[in-house]
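Since the structure comes first, as structure tokens, the remarks are kept for the end.
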Protein chains: 2
Amino acid sequence: MRVTADDVAARAGVSRSAVSRAFTEGASIQPDKRAHIRAVADDLGYRPNLMARSLTGGATGLIAVVVGSLSNPYESWFLDILSQGIRSRGLWPLLVPVSPGQEIEPALDHALAYQVDGAVIAAGSVNRKLAERCTANGAPIVVVGRVLDGGGADSVCCDNRAGMSMIAERLVTTGRRKIAWIGGRADTFSNVERLEGLTAALAGYGMSLCETRRGDYTTDSGMVQALALLTGPDRPDAIACGNDAMAIGAIAAAHRLGLRVPEDVGICGFDDIPAAAWEPFCLTTVANPVSETVHAALDLLTRRIAGETGAPSTIRLPPALRIRQSL
Amino acid sequence: MRVTADDVAARAGVSRSAVSRAFTEGASIQPDKRAHIRAVADDLGYRPNLMARSLTGGATGLIAVVVGSLSNPYESWFLDILSQGIRSRGLWPLLVPVSPGQEIEPALDHALAYQVDGAVIAAGSVNRKLAERCTANGAPIVVVGRVLDGGGADSVCCDNRAGMSMIAERLVTTGRRKIAWIGGRADTFSNVERLEGLTAALAGYGMSLCETRRGDYTTDSGMVQALALLTGPDRPDAIACGNDAMAIGAIAAAHRLGLRVPEDVGICGFDDIPAAAWEPFCLTTVANPVSETVHAALDLLTRRIAGETGAPSTIRLPPALRIRQSL
DNA sequence: ACCATGATTGCACAGGCTTTCAAAACCGCG
DNA sequence: CGCGGTTTTGAAAGCCTGTGCAATCATGGT
């Protein structure tokens, strides 16, 4: 049913090898013959079967992209840039969506069975053993957004602590005294680093958080936690949030309570997602260098795919403070 | 380098066929032998090569997903639900991102070369010829979010006209007299239908649009166009937007100008993306039945993949008016 | 103990492609 | 026209798996 190289060969009156060569850049074949074959192929609607091609040991050009819930604006923003980056390098993203809490391993295993050339992992937890299995299977991985504990894979990650120390400075500069924190799930890497970073930086100013609460990185949860904070007995004059989505929820909460931002309560986030700049929010936040992260991750990955060995490297990218109006 | 069935066979002391059968459900093989082989395979980290498997004529389990710029919140919301739906049917989404204005054909062609079993096309323009070529190549397609002009492929689409007529009724009910429109690119299907639907429905009430402007479905463009409208000589008392992202921008514009929503100006959108419900917006909008759309599209597609023939069908899903506070 | 029956097993091939290798065609030049 | 050297070319070998087919094995009935 599907038209194969044999069909084209028969129709063009050449051997199957010639057809293969006509589609291989730099292969030894007469230019006019190549043109003829390509014309016939076009006529028949032939395209080399990439599955069969990869069977001979070549690369598939497939990159598994493990990503969390796309309803999270940061996640989809990241995927947008990542998929463009993958395509611009002539590769193709095989999407592996995993729900939070879901095990990443079986999904990744299945993707491996598609002989992906590599994987970018931006969600779920991966341990050293899993990383090594992927590499052993010829599919190096790069972990994004956190650093792999036991080593075993390259990782690219924003310098969360540096980001939070800039936030801390801003909090102090604007004269905040009672600073609360709304974080994400306790066990996530970014949450831990950001909270630690903020605590440490504040300690440098002789200050500490007056209260910490936990959301789940969604706008709704930010709203809920901020409402609780702002209606509590000891209202904070600033709320630092673990990401922008929650900060947006916190701003909504302040508005609902008739509080002015930033006068009555300063609010800040992390990531600088597109929505952070939207007018009603004007969120002061830390810009997560997503483009640079994607670029670095893909560089690392392609180099591994090309066969580079050596100890896994960790790249920390510096974030930038983005001062708008909410703090 | 990659471990193959031969390796497992040698290590387990059986033939390669046995290994194959151990991984084929319902194949004739002794239970304990299967268990042994699977244990060995697990030990070696073996997984059947899906590329090679698909070579024998089987399906690849890959579904090409052609999607537009993921920075558009509707698009990423849709992809979220679609990718979950694809995974839940045991298939895998191969992402084919296309920028607006970019030709879809070469990208889709390349995806076809991966022997995808089918394609869901939610962006770019596809004509009858392209649709037929895909089908002829054994990869039926389903077009989402618009109806294919010349037929040639199944399509699933929200009933834009019905949605806009509900909006029109709401506009009239709330006593709006001067209604403006901010649409998207003139040539997009949804834009045409929504504008036509609104115009027609208003005509039924003896009314017409006082002004129409064009954005590009982004929040920024909605803001820009709404600013122009609201500072113009004849300020409208309602702005209907072609999608939610632009409506959010319009609300931001109203706020910046100190206008109250909905008292001074009513604003509505289309889609009911998650952000539409966020507190500062509380956007009155038309809920695009995304889950139902995904479900219907995947049903159609899997049936075609299973070999069902017959004239392409078009499914129109009814939207629902979601009244919040902006209109 | 022997045969019919059915479950297992291994061999070999198919599937679409790339690539090595040796044969064939071509080139310029004496 | 002959010859060394450089493309071009086609045949065949592989890549990895699933499966039809024939051979083998175990089973149970007599």
Next on the checklist: Please evaluate residues A:Tyr46 and A:Phe23 with respect to the criterion ring-ring contact (aromatic ring centres under 6.0 Å, His included), reporting the C-alpha separation (whole Å), side-chain torsions for both, the decisive distance (0.1 Å), and the verdict.
Outcome noted: CA-CA 11 Å; A:Tyr46 168 77; A:Phe23 283 91; 5.5 Å; yes

Item to check | Atom-to-atom span, CD1 of A:Ile37 to C1' of D:dT8 - whole angstrom | outcome: 11 Å

Checklist entry - Within the pair B:Tyr114 and C:dG16, is there a side-chain N or O less than 4.0 Å away from OP1 or OP2? => result no

Next on the checklist: Quick test of your reading of the model: are B:Asp154 and B:Arg303 salt-bridged, counting only N-O distances below 4.0 Å?
Outcome noted: no

Checklist entry - What is the distance, rounded to the nearest whole Å, between atom CE of A:Met51 and atom P of D:dG18? => result 15 Å

Item to check | Carboxylate-amine/guanidinium proximity below 4.0 Å for A:Asp7 and A:Arg2 | outcome: no

Item to check | B:Arg47 CZ to D:dC16 P, straight-line distance once rounded to whole Å | outcome: 17 Å

Checklist entry - Whole-Å distance between C:dC17 P and A:Gln115 CD? => result 18 Å

Checklist entry - If only side-chain N and O atoms of A:Lys33 are considered, is one of them under 4.0 Å from the OP1 or OP2 phosphate oxygen of D:dT8? => result no

Checklist entry - Once you round it to whole Å, what is the distance between P of C:dC17 and CG of A:Asp6? => result 8 Å

Item to check | Interatomic distance, B:Leu55 CG vs C:dC13 P [rounded to whole Å] | outcome: 17 Å

Checklist entry - Counting heavy atoms not belonging to B:His295, are there more than 12 under 6.0 Å from its NE2? => result no

Next on the checklist: Can you measure A:Leu112 atom CG to D:dC16 atom C1' for me and round it to whole angstrom units?
Outcome noted: 16 Å

Checklist entry - Is B:Thr4 touching bases, backbone alone, or none of the nucleic acid, heavy atoms closer than 4.0 Å? => result sugar-phosphate

Next on the checklist: I need the residues from residues 8-32 of chain B with at least one non-hydrogen atom less than 4.0 Å from DNA chain D; give them sorted by number, or say none.
Outcome noted: B:Arg16, B:Ser17, B:Ser20, B:Arg21

Checklist entry - Checking A:Arg316 side chain against A:Cys158 main chain: does a donor-acceptor pair fall under 3.5 Å? => result yes

Next on the checklist: Run the side-chain hydrogen bond (donor to acceptor under 3.5 Å, both in side chains) test on B:Thr60 and A:Tyr114 for me, step by step, so that the C-alpha distance in whole Å, both residues' side-chain angles and the decisive distance to 0.1 Å come before the verdict.
Outcome noted: CA-CA 9 Å; B:Thr60 56; A:Tyr114 279 111; 5.8 Å; no

Next on the checklist: What is the separation between atom CG on A:Asn49 and atom P on C:dG15, rounded to the nearest whole Å?
Outcome noted: 13 Å

Item to check | Main-chain N/O of B:Gly61 paired to B:Asp117 side chain as donor or acceptor, under 3.5 Å | outcome: yes

